[in-house]
Amino acid sequence: MKRKFLQPLAVAISIALSAGSAFAASSFDVSELDTKINPCNDFNDFVNAKWVAKNPIPADRTRWGAFDQLREHSLETQHDIAEKASKGAEQAKAGSIEQKIGWFYRSGIDDAAVEKAGYTPIKPDLTRIDGLKTPADFFSWITDSAARGRFDVFSVAALPDFKNASTQIAYTFQGGLGLPTRDYYDKPDYAELRDAYKAHIAKVLTLIGVADADAKKQAEQVLAFETRLAKASMLPVELRDPANQYHFVTFAEAEKVTPNISWQKFFTAQGADVKDGFSLSQPKFFAEVDAMLKDVPADQWRAFLRFHTADSASPYLSKAFADEYFAFFDQKLNGQKEQRVRWKRVLDAINENMGMALGEMYVAVAFPPESKARAKELVANLQDALKARIEKLDWMSADTKKKAIEKWATFLPKIGYPDKWRDWSGVKIVPDNYFANVDAATKYEYEYQIAKVGKPTDRLEWGMTPQTVNAYYNPTDNTINFPAAILQVPFFDAKADDGINYGGIGAVIGHEATHGYDDQGSQFDAKGNNENWWTKDDRDKFDARTDRLVKQFDAYEPLPGKHVNGKLTLGENIADLGGLNVAYDALQVALKKNPAENKKIDGYTEDQRFFMNFARVWRGNILPQRQEVLLNADPHAPAKFRAIAAPSNMPAFAEAFQCKSGDVMVREGDKQVKIW
């Protein structure tokens, strides 16, 4: 259902792109620049302030910028596909993805049918929860719920073995929290939010028939239950350490940590081929879950499971449930003013569980083969530039540099969409039962993923759908991935000049490749294994350089008294800095090959347009409530700082805009960071 608590290792950029090769003045509207602002002092406002002032955040969103515009464009395309599939479902081939997507979408937008069903779809689960009494009963529920793709206390996934990435193993990860991170359960700053969450829990319980007084009592129990889980949970910054994501154990070793849990029975019920063992990824957390099975009263367990069963299902139930879910998670927690229209929420459900099926239909109308070919060419150019930078590093020894190049040589770029599409014949979708479709698709997706345990890792498989506006790097298979939706007009434009090209898609390609050498990716070798390939001296030099980047971001203050967490965002910040440098190098190579293109357009040089487009893709605004949640949980720094941080560390920027020593955008001496 809704909150699955999975923790993917892959790192994404969350960015919008631009690319191309021929001149086109319209590819960057210079009238949007605020020329009253000195770019050497506030480059983000120079590029973006006028646009932000004219483009307020829509009421149904928590932020709005170039990236969000492209996402909205993707949604509109998906909407058109789904509407046509719904209208033509009966004429479509029986069992085809066109029919399944059409029926799934139709059932979701049928307000009357969803309203009539109320919470009837979850009544059998609630009845079963009422009968749970013993630790064995509760773990039996957790086991059966997981087998349906629902994760009440912890999540399960099939991922490459950190020590043998060619094979998939099972991982178990901490979960069970309704609030974003551990901090929300114990810090005084969030006392008011905890009270609001408690009221939300009580409200959801009353919607399933619990009397008001008892609902308030159970809400206290649920919050206390989650608080105990939270105290045993790791923070997002701690989870960035691969050592905290992988703890391989045999069944016998696992049951020493969790004597009340039979992991062999659990994985048998999941249909997972677990032989030698699995990753009990956060042992302290699972030891606490084990203790709670034994010493938490049965009525408190029932309250926790009762609430989360209803709460996670709320987006797919009647209006009262969906509205209450919105009122807390979107409105109270993140500041969103209005609920998104129903068709967008239905597409969210389809994307979550049948996204690749919708993606196959999306690619057919939105991503021509020639776009894929152009993107491949750009990726090759950026890879060459990255290799050249590694070879020229003055702080890395020859031994470590050799290993870095070996890793570079095994990068696998994937562009647009998978070469082979998935089979969806096993999932049953009906035209008139939204909850049943969500339930069936959730279970089918989980079974597909968990069936990978014990099988070889498929490097060609995608972790993002083609319609996702994003890009990512995965260290355990050493792939860089660029979905189709992010390679589109106006950000992937064949008519754009080289400065725009390389400042947009070039920086993104460089960003994803540099993730292979960030603080996390650098701990994985050319085969995707979590192995050290550094000399101690080189690692010390690397850490000294990255520490300076941590301090740079720690100083940024997006909200009064609230700073960026430089350690949490370090991987993305390294990738931004390295990616922009790599893209700039590639631009210089391109301009040398075609010197006629190195001229001013609309009064700005190619170097200036390169940096201006990089800042443009980060334009946008965000609600303060949403910003605070992201500061606590998101490994990406706020967009306005990403627009200025990497350029401020590059002498090429200062030269392009004729900045002087002492200008805000000029970092010198120990304040200037250079890593890759």
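Remember, it's a predicted structure, so these values are computed and weren't measured experimentally. Numbering of residues begins at 1 and proceeds along the displayed sequence.
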Would you say the side chain of Lys344 lies within less than 4.5 Å of the side chain of Glu72, judging by non-hydrogen atoms?
yes
Kindly assign one of parallel, tilted or perpendicular to the pair Phe43 and Phe653, based on the angle between their ring planes and the thresholds 30° and 60°.
perpendicular
Before accepting this row, confirm whether a basic side-chain N of the pair Glu557/Lys562 lies closer than 4.0 Å to the acidic partner's carboxylate O.
no
With a 4.0 Å cut-off on N to O distance, would you call Glu238 and Arg182 a salt bridge?
yes
May I ask you to check whether Tyr197 and Phe328 place their ring centers less than 6.0 Å from one another?
yes
Between Arg342 and Asp111, is there a donor-acceptor pair closer than 3.5 Å when you use the side chain of the first and the backbone of the second?
no
Atom pair CG (Asn613) and CD1 (Ile505), whose distance is rounded to the nearest 0.5 Å:
11.0 Å
Can you confirm whether Val210 sits close enough to Gln218 that some side-chain heavy atom of one is under 4.5 Å from a side-chain heavy atom of the other?
yes
Rounded to the nearest 0.5 Å, what's the gap from OG on Ser281 to CG on Asn244? Could you check?
9.5 Å
So that I know where these two stand, are Phe611 and Phe614 an aromatic pair - ring centroids less than 6.0 Å apart?
no
Can you tell if the side chain of Arg345 reaches within under 4.5 Å of the side chain of Pro315, non-hydrogen atoms only?
no
Centre-to-centre under 6.0 Å for Phe329 and His200, is that the case here?
yes
Can you tell whether the side chains of Arg240 and Asp519 come within less than 4.0 Å, N to carboxylate O?
yes
What are the two closest heavy atoms between Leu568 and Ala633, and how far apart are they?
CD2-C, 4.2 Å
Is any NZ, NE, NH1 or NH2 atom of the basic residue among Asp186 and Lys231 found under 4.0 Å from an Asp or Glu carboxylate oxygen of the other?
no
Would you call the rings of His515 and His511 parallel, tilted or perpendicular if under 30° counts as parallel and over 60° as perpendicular?
perpendicular
Identify whether the distance between the nearest side-chain nitrogen and carboxylate oxygen of Lys84 and Asp80 falls below 4.0 Å.
yes
Could you tell me if the side chain of Leu159 sits less than 4.5 Å from the side chain of Phe173, heavy atoms only?
yes
Quick test of your reading of the model: are Glu572 and Arg642 salt-bridged, counting only N-O distances below 4.0 Å?
yes
Mark yes or no: Lys414 above the aromatic ring of Trp462, with NZ or CZ under 6.0 Å from the six-membered ring centre and no more than 45 degrees from the axis.
yes
Thinking salt bridges, do Asp634 and Arg626 make one under a 4.0 Å N-O criterion?
no
Compute the ring centroids of Phe641 and Tyr556, then answer whether they are less than 6.0 Å apart.
yes
Any salt bridge between Arg148 and Asp439, counting N to O under 4.0 Å?
yes
Relative to each other, are the rings of Trp343 and His79 parallel, tilted or perpendicular (30° and 60° limits)?
parallel
Is there a donor-acceptor contact under 3.5 Å from the side chain of Asp29 to the main chain of Ser31?
yes
Take atom NZ in Lys216; do more than 12 heavy atoms of anything else shown fall under 6.0 Å from it?
no
Does the pair Asp348/Arg340 count as a salt bridge with the N-to-O cut at 4.0 Å?
yes
Salt bridge check: are Lys54 and Glu32 linked by an N-O gap of less than 4.0 Å?
no
Considering non-hydrogen atoms only, spot the tightest contact between Leu549 and Val673 and give its length.
N-CG2, 4.0 Å
